[in-house]
Amino acid sequence: MDDVDWDFLNSLHPDVAGKILTCLDDPGDIVRASSVSRAWREFVIANGVCKHLCLKLFPQLSGIARVVDTTNTQHQKRSDVGCSRSAELEEFTKEHRVFASLARGLTSSGVGECLSEAICASSTDNYPEEGVHNTLEPRDRIGRRASYWSSSGQSNPEVPERLTYKLISDFCVITQINVQPFQAFFQASSPIYSAKAVRFRMGYRVLPDDEEEEVDFSNGHGGSSFAGEQFVWTYTSEEFPMSQENCIQNFKLPEPVLCIGGIVQIELLGRVQRQEMDGLFYMCMAYVQVLGHSLAPVFSVNPLEPNGKFLLMFNPQAEFSTPPSVREEPYEITVTPEMVQRHVRGWEQILNMLRGTLGVEVYDSEDEHHDSDDDMAEDFVA
């Protein structure tokens, strides 16, 4: 029987084929599908499969008003000569390249520190000695001086506090936030001024029409007056209970969160420690860390409107920045079952080599991930 060149994609209704391909949730799978044939590639491009994946991963990307290729600003005008279908396919191809790169960045497994600077605190007891900028330092003592942020004292333990920070870029995927309460070793009984619970917000800053771009929040006091007026929060987490312990406390988000705008706020809810000196309740934090990865310099946002619409700036000549390494101190290394299994496989491979049984193949679960990255890289070539 002769071989029949049969393509099931051509046998399906376009809507059905589109629904099948939009079920793919890995950028590497989409690249492989587009590599089957020219017809498959054109179908993937024309139906915006990569864009659909990005919106499925992070629905807030629906705020993209337009994509701007920063390396092609001088060649925006397209020749009117030629078939309108080919011109349309060319535009779809450009958009496909942008969202294929974006999907790769969104699904990156890299994790590093994402905080850039402290903007303000809702209150500060003694500024600048106890300012929020101290929470960027992982050590709670610098020499003989304590390093921490302290709220003002309150007679009502339910009064919350807010710490607001700027991320390393306006486009970050956040996976975990760590907070360490401060233990006042210089006070009697060394009390720990933690909170009962913590909640996280992410969003962007909105400037009034009559205000210039540069806003000085360096006094560190902040206050609720501008916290609600200057920022728009697009994500609010659940409440996480906090322990009254002098250790780094890890709060892993249920799902990665795309922060468009580069602003993170930590809400401290409920005071637990009264200061013996004045009988008031305080909150004190020694260290704050936000973990994730940035999509800069390949992508940036400009401008970000109050309604959430923005231009997505695309720089295809850049490479995704490597996240800064996570400091080991004051953390304890958490040994996961996957780490143990990989360690055991490594020793098994060494033992097999010593025994002369080199035919044993050891499977690394990351091999497929690396292959996906290589395949995806081919799709970024102009």
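Computed over heavy atoms, backbone and side chain alike; hydrogens, waters and symmetry mates excluded. Note that the structure is predicted; figures quoted are calculated from it, not measured.
- A donor-acceptor pair under 3.5 Å is absent between the side-chain atoms of Ser150 and the main chain of Asp125, judged by distance alone.
- Note on residues 174-202: pairs passing salt bridge (Lys or Arg N to Asp or Glu O under 4.0 Å), not counting sequence neighbours, are Glu158-Lys196, Arg199-Glu239, Arg199-Glu267, Arg201-Glu267.
- Checked options Val301, Val68, Asp170; the residue passing with Met313 is Val68 (criterion: side-chain contact (heavy atoms from CB on, under 4.5 Å)).
- With no hydrogens or angles considered, a side-chain donor-acceptor pair links Tyr193 and Gln187 at under 3.5 Å.
- A side-chain donor-acceptor contact under 3.5 Å links His293 to the backbone of Gly110.
- Note: Asn178 CG to Gln249 CD = 9.5 Å, rounded to the nearest 0.5 Å.
- Going from atom CZ of Arg271 over to atom OG of Ser151 covers 4.0 Å, rounded to the nearest 0.5 Å.
- Side-chain contact check for Arg162 and Ser123: no donor-acceptor pair (N or O, by modelled atom type) lies under 3.5 Å.
- Note on ring orientation: taking the six-membered ring where Trp is involved, the planes of Phe182 and Tyr148 are parallel (angle under 30°, cut-offs 30° and 60°).
- When only modelled atom types and interatomic distance are considered, Gln183 and Ser190 share no side-chain donor-acceptor pair under 3.5 Å.
- Here the options are Gln176, Gln180, Glu113, the test is side-chain hydrogen bond (donor to acceptor under 3.5 Å, both in side chains), and the partner is Gln289; only Glu113 passes.
- Between the side chain of Thr70 and the backbone N or O of Phe314 there is at least one donor-acceptor pair closer than 3.5 Å.
- Phe320 and Ile260 fall within the same hydrophobic cluster, defined by Ile, Leu, Val, Met, Phe, Trp and Tyr side-chain heavy atoms under 4.5 Å apart, directly or through other members.
- The distance from atom CZ of Arg145 to atom CZ of Arg139, rounded to the nearest 0.5 Å, is 9.5 Å.
- Below 30°, between 30° and 60°, or above 60°: for Phe299 and Phe171 the angle between ring planes is between 30° and 60°, a tilted geometry.
- With hydrogens and angles disregarded, a donor-acceptor distance shorter than 3.5 Å links the side chain of Gln60 to the backbone of Leu258.
- In this structure, Leu102 CG and Glu95 CD are separated by 11.0 Å, a value rounded to the nearest 0.5 Å.
- Inspection of the Ser194 and Gln273 side chains reveals no N or O donor paired with an N or O acceptor under 3.5 Å.
- Distance alone, capped at 3.5 Å, is enough to place a donor-acceptor pair between the Asn134 side chain and the Glu129 backbone.
- Considering NE2 of His133 and OG1 of Thr124, their distance stands at 9.5 Å, rounded to 0.5 Å.
- Geometrically, Arg141 engages Phe185 in a cation-pi contact defined by less than 6.0 Å to the ring centre and at most 45° from the axis.
- Taking the side chain as every heavy atom from C-beta outward, Ile168 and Ser116 approach each other to under 4.5 Å.
- Just one residue in the list Val132, Val288, Leu136 forms a side-chain contact (heavy atoms from CB on, under 4.5 Å) with Trp149, and that residue is Val132.
- Atoms CZ and CD, on Phe251 and Glu238 in that order, are 11.0 Å from each other to the nearest 0.5 Å.
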